[in-house]
Amino acid sequence: MKFGKRLKHQIQETLPEWQDKFLSYKDLKKLVRLISSAPSSSSLEGVSESRKAQLDFIYLLNAEINKFNSFFMDQEEDFIICHKELQQRIPKVIATWGPNGTEPSEVDYIEEMWEIRRDIVNLHGKMVLLENYSNINYIGLAKILKKFDKRTGGLLRLPFIQKVLKQPFFTTDLVSKLVKECENTIDAMFPAVEQEGERREHKGEREDTMVAEQSIFRNTVAALVTMQEMKRGSSTYSEFSLSPLNLVDSDLIQSF
């Protein structure tokens, strides 16, 4: 499948409010075609049209980078705040409704802890989607720049990719760290809660929670599967290639 179709599928599978934040690949591709189909460079008209299209292409590329950075940093900031709040809620619930809490209540304790679990899973899914957002937009930039160089004989890809590698949207170390911390929290805190939950009379509430989690993860898993397929479909490796994705091997994702 061509990248344009892959990207379209990816956008359809992501969160609705994210869909206009991805690479405008189709618009960039149109400009590349316009550049390569301009009249012969021997005419002044041809030189002018080709030059304008190239300038429009570079302008749009830079605008896309700014769009990626703005969206990524806003999401990252929200995730940091949300993660901190979730980590603070756990000891408060234990101190209030836990066995040794100020107001011990098995029902309230389990209910509150399942609420926190659902929120952590929700946050985890969105952060994985943000990592995927970074990856697919990088791949799109590398592919459209390759087309540009091929059609024009230019050498834009290498310097532009070197610039991209320093951009905030490409730097996902902090988000990856938060993703792992969410997985560790789930592993450490919630197996015991699940065992207690199985003894509850109203199991329907817990099942509703699991259905909600599966709905949240549907978009995440679909995005990761698409990324894995894209990487498997590449027969070449170069300095522009991404490192292999290991996110799909996450125990938390596999559980869904």
Side-chain angles (χ1 to χ4, degrees), residues 1-33 56-80 124-151 156-179 219-234 236-248 253:
M1 189 184 295
K2 292 184 178 180
F3 178 78
K5 291 183 178 179
R6 291 280 191 191
L7 178 60
K8 183 179 179 180
H9 175 73
Q10 187 81 68
I11 293 172
Q12 291 172 343
E13 293 291 342
T14 195
L15 302 174
E17 62 270 26
W18 289 27
Q19 291 183 357
D20 62 344
K21 308 302 181 184
F22 284 81
L23 179 69
S24 301
Y25 187 78
K26 189 174 181 180
D27 293 337
L28 288 164
K29 193 174 179 180
K30 284 181 179 178
L31 287 173
V32 171
R33 288 175 178 170
D56 289 344
F57 179 83
I58 294 172
Y59 178 84
L60 181 55
L61 275 178
N62 286 311
E64 292 293 279
I65 294 297
N66 291 334
K67 178 178 74 177
F68 300 156
N69 286 337
S70 178
F71 176 73
F72 185 91
M73 289 188 293
D74 285 346
Q75 294 297 315
E76 185 179 58
E77 183 178 359
D78 288 345
F79 293 159
I80 292 170
H124 178 278
K126 287 184 176 180
M127 290 192 296
V128 171
L129 282 176
L130 189 64
E131 290 185 295
N132 185 66
Y133 171 86
S134 171
N135 288 336
I136 197 166
N137 284 308
Y138 170 81
I139 291 173
L141 287 171
K143 286 184 175 294
I144 199 65
L145 285 164
K146 181 179 180 180
K147 286 182 182 294
F148 178 90
D149 285 359
K150 184 177 180 180
R151 295 284 185 91
L156 182 60
R157 181 164 63 147
L158 180 57
F160 201 89
I161 289 298
Q162 289 175 337
K163 171 185 174 182
V164 167
L165 296 180
K166 300 176 183 177
Q167 299 302 309
F169 88 90
F170 189 78
T171 308
T172 61
D173 292 349
L174 177 56
V175 176
S176 297
K177 179 175 178 288
L178 294 178
V179 165
N219 291 337
T220 307
V221 174
L224 289 168
V225 168
T226 298
M227 286 296 294
Q228 292 284 37
E229 289 176 352
M230 288 175 59
K231 296 181 76 63
R232 280 200 303 267
S234 176
T236 59
Y237 182 85
S238 71
E239 66 269 32
F240 305 110
S241 301
L242 286 167
S243 58
L245 286 175
N246 295 317
L247 289 171
V248 80
I253 291 175

Exercise for the section: Apply side chain to side chain contact (heavy atoms under 4.5 Å, CB included) to the pair Ile58 and Leu156, showing each step before the final yes or no. Expected result: CA-CA 9 Å; Ile58 294 172; Leu156 182 60; 4.2 Å; yes
Problem - Derivation of the side chain to side chain contact (heavy atoms under 4.5 Å, CB included) call for Leu31 and Phe148 - result: CA-CA 9 Å; Leu31 287 173; Phe148 178 90; over 6 Å; no
Exercise for the section: Check step by step if side chain to side chain contact (heavy atoms under 4.5 Å, CB included) holds for Asp149 and Leu158. Expected result: CA-CA 10 Å; Asp149 285 359; Leu158 180 57; over 6 Å; no
Exercise for the section: Could you walk me through whether Asp56 and Lys30 pass the side chain to side chain contact (heavy atoms under 4.5 Å, CB included) test, one step at a time? Expected result: CA-CA 11 Å; Asp56 289 344; Lys30 284 181 179 178; over 6 Å; no
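The NE2 atom of His124 sits 10.5 Å away from atom CG of Leu129, with the distance rounded to the nearest 0.5 Å. Note that CG of Asp74 is 10.5 Å distant from CZ of Phe79, once rounded to the nearest 0.5 Å. Considering CZ of Arg151 and NZ of Lys146, their distance stands at 12.5 Å, rounded to 0.5 Å. Separating the CG atom in Leu141 from the CD atom in Glu64 is a distance of 8.0 Å, to the nearest 0.5 Å. Rounded to the nearest 0.5 angstrom, Lys147 NZ and Phe3 CZ are separated by 10.5 Å. Note that CH2 of Trp18 and CG of Leu130 are 4.5 Å apart. Values are rounded to the nearest 0.5 Å.
The nearest pair of heavy atoms linking Phe169 to Ser134 is O-OG, 2.7 Å. The minimum heavy-atom distance between Met127 and Val175, with the atom names listed, is O-CG1, 3.6 Å. Closest approach of Glu131 to Val179, counting heavy atoms only: OE1-CG2, 3.8 Å. Considering every non-hydrogen atom in both Leu178 and Ile80, the closest pair reads CD1-CG1, 4.0 Å. The two residues Lys143 and Tyr25 make their nearest non-hydrogen contact at CB-OH, 4.3 Å. Counting all heavy atoms, side chain and backbone alike, Arg157 lies closest to Ala142 at CD-O, 3.7 Å.
Between Phe170 and Tyr138, the two ring planes are tilted [angle within 30° to 60°].
Residue Lys29 qualifies as enclosed at atom NZ: its count of foreign heavy atoms under 6.0 Å is above 12. Sparse packing is recorded around NZ of Lys8, with 12 or fewer heavy atoms of other residues, nucleotides or ligands lying under 6.0 Å away. Within 6.0 Å of the CD atom in Glu17, the count of heavy atoms belonging to other residues, nucleotides or ligands exceeds 12.
The main-chain N or O of Lys21 is found under 3.5 Å from a side-chain atom of Tyr133 such that the two form a donor-acceptor pair. Lys166 contributes no side-chain N or O that, together with a main-chain N or O of Thr171, makes up a donor-acceptor pair within less than 3.5 Å.
Using a 4.5 Å heavy-atom threshold, the side chains of Glu76 and Pro168 count as separate. With a 4.5 Å cut-off on side-chain heavy atoms, Leu61 and Leu145 count as touching. Within the 4.5 Å cutoff, side-chain heavy atoms of Asn132 are placed close to those of Gln10. Considering only heavy atoms from C-beta on, Ile144 comes within 4.5 Å of Phe57 through its side chain.
Residues meeting the side-chain hydrogen bond (donor to acceptor under 3.5 Å, both in side chains) test with Asn69, sequence neighbours left out: Gln167.
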